[in-house]
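Everything on this sheet refers to the single structure shown next.
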Protein chains: 2
Amino acid sequence: MATIKDVAKRAGVAVSTASYALNGIEKVSAATIDKVLRAAEELNYQKNGFASDLKRTKTNTIALLLSDLSGPYFSELIKGVQEVTASNGFDLIACSSVGGEKSTASKFLKEKRVDGAIILAQNISTEVIRSSARKDFPIVVLDRKVDNPFVIHVEVNNRQGGYDATEYLIEKGHRSIAYVSGPLNSHDNEERFQGYQQALKDHKIPSQSRLKINGDFTREGGYRSTKMLIAQQNLPAAIFYANDEMAIGGLKAFSEKNIKVPDDISIIGFDDILLAEYVTPPLSTVRQPKYEAGALSVHMIFQMLAGEEVEKSFNLPTDLVERQSVTGHERLDKD
Amino acid sequence: MATIKDVAKRAGVAVSTASYALNGIEKVSAATIDKVLRAAEELNYQKNGFASDLKRTKTNTIALLLSDLSGPYFSELIKGVQEVTASNGFDLIACSSVGGEKSTASKFLKEKRVDGAIILAQNISTEVIRSSARKDFPIVVLDRKVDNPFVIHVEVNNRQGGYDATEYLIEKGHRSIAYVSGPLNSHDNEERFQGYQQALKDHKIPSQSRLKINGDFTREGGYRSTKMLIAQQNLPAAIFYANDEMAIGGLKAFSEKNIKVPDDISIIGFDDILLAEYVTPPLSTVRQPKYEAGALSVHMIFQMLAGEEVEKSFNLPTDLVERQSVTGHERLDKD
DNA sequence: CTGTTAGCGCCTTCAT
DNA sequence: ATGAAGGCGCTAACAG
């Protein structure tokens, strides 16, 4: 591989001159630029990005660290991040944190291979984040709290979202409402659950522990939980699934048992993933402002990078989207 | 930021010793390792990834260059790539090529910031790919042909897939079959179209140019094309959409005009995206082995990296997946 | 087992 | 306008 040295030699100039010419710095004559460019062309010269970054101590790229690159869930978020990043002339790379501590994502964090990072990946330890963030390496976290002046929190208001979903069900006349939860260590899940509890309480509906059941945020988990609920012979009037994936799993369980949604039971999800609109019946859910979250995150990174004083915590509102998985008719409740 | 020098000084050893200790190279005593690690800990030392890569001239990471990170279409492909990459102890980063020549993706290619790359991004020029690939930087392309001994082609047999889809429609008794195409400059589209034409020919069905219409691979495009077809008052018995997105757009157009699929018209797509199973009616389509393509791609990169002699071109078979958008009853055809 | 040292390829100050 | 030279932080001979 040709280096800048080779180019300089071939063009018959000093390395520094070649560097100037290559980087378009106004210090060399047109003739020299021409010579250098031609030499570079002939040698098929490509600059070595690392050497350059090392010298500049700046990469002009930010990283998006995701627990799973292939998750369709991230689509909108990525779009938000991507657009803002590009419009600021920065590069964006995405990497996955499968593998936990030794994942690519952790490595990028620890080795400061980028100028800033946005994290949505449970399996990266808070400790790593805390010890990596610093003035010239701001980090935005979307799924937790980290105690460090250089990390910014962008959250959606999961609690309010959970509250709204539950209250919506209540207002439709349902009183026994189950909650199919995500993993217990999930902050998001916890918040949604708090909202659910609060809504129940505000409407003077006693919460029953048998109606809280774990679905692990997966479609499979939602399917299993729903089957259990069905097996209990005492179906609630409505179910609030802590995310859409689980709700879709639930839909499958119901359809297998020939239980009609929403005629026999009302269900609502959370997230508003792409699929929600296409399942049968179309799933009512709580939309998360994912695009906005992504865009805001990058925005904050740039502000931090510019040394500006910024808000450290953001809370984005959710929207209830009504489709057809909830009805207004209360079914006969036996409890 | 603390450097290895600081660590060495604090531990009271030479830099090389610190380096050995930090990298777990069997050359230092346990006591020294301990001293160094402690010093590193105290200084909150993090290695500078660039310096390290620069020195090693090896990054242990491969890049996946996609035209759009947020496309749900890539999900399975990414999964295949990710798993194989991880199981080989390499890192994976994904980046987008929005922005064309000056995109992050192009930059990664040109500046050799990774050890190998997998490309599925129309808007990266073949020229850049050709001039970047070399012995220590193998590239696999999923969407074109590039003339360079260090680029490998992994293709899905689009032609056969197009043929199969068309023949399937023919066997179901349909004779007037429209083709809603993708962008004309798309290699994939062209192949699918060839397959379509060939099947028609083999079954002695004349192809009519009015039945070929451009849908641009987008849902919107499929919607528009379908409306045009409907407006012509002379609907074909079946439509082969060159991808699922367009077919889903078509479904919308039909439902608006109250035309029943598959009773009034049969349609088939291509890709088998996640949604295909969930639309109404579930879409029959041609599945692309995306996971396999991803896995195979990385695999080939590793082989190249290991200096092995390898096959330069692969052609993966497609599967026809029957769902409910095609019927066996031919409708009355007027042409 | 530990220390000295020479670069990796590039950028950039300083001198010419 | 151009050239010489000193690092950026790290690794890996080589010497002890």
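Letters go in sequence order (proteins before strands), and every chain restarts at 1. What you see is a predicted model, and the numbers here were worked out from it, not measured in a lab.
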Practice item. Take nucleotides 8-16 of chain C nucleotide by nucleotide from the 5' end and write B, S or -, depending on whether a protein heavy atom sits under 4.0 Å from the base, only from the sugar-phosphate, or from neither. Key: BBBBBB---
Exercise for review: Look up atom NZ in A:Lys290 and atom CG in A:Leu120, then write down how far apart they are to the nearest 0.5 Å.
Suggested key: 11.0 Å
Exercise for review: Give, for atom OG1 of B:Thr85 and atom NE2 of B:His299, the distance between the pair rounded to the nearest 0.5 Å.
Suggested key: 12.0 Å
Check your understanding: Closer than 4.0 Å, any side-chain N/O of B:Thr32 to the OP1 or OP2 of C:dC1?
Key -> no
**Study point:** Audit row: A:Arg38, A:Glu41, salt bridge (charged side-chain N to carboxylate O under 4.0 Å, His left out) steps and yes/no
**Key:** CA-CA 5 Å; A:Arg38 196 191 328 274; A:Glu41 175 81 48; over 6 Å; no
Review point. Do NZ/NE/NH1/NH2 and the carboxylate oxygens of B:Asp136 and B:Arg134 come within less than 4.0 Å?
Key: yes
Point to revise | For the student: nearest non-hydrogen atoms of B:Ile301 and B:Ala117, plus distance | key: CD1-O, 3.4 Å
Check your understanding: Rounded to the nearest 0.5 Å, what separation is found between the NZ atom of B:Lys112 and the OG atom of B:Ser132?
Key -> 11.0 Å
Exercise for review: Round to a whole Å and report the spacing from NZ of A:Lys9 to P of D:dA4.
Suggested key: 13 Å
Review point. Hey, what bend do you get for the helix from C:dC1-D:dG16 to C:dT16-D:dA1 if you fit axes on five pairs at each end, rounded to 10°?
Key: 40°
**Study point:** Geometric class of the B:Phe50/A:Phe50 ring pair [parallel <30°, tilted 30-60°, perpendicular >60°]
**Key:** tilted
Practice item. Check whether the side chains of B:Ser67 and B:Asn123 place a donor and an acceptor atom closer than 3.5 Å, and report yes or no. Key: no
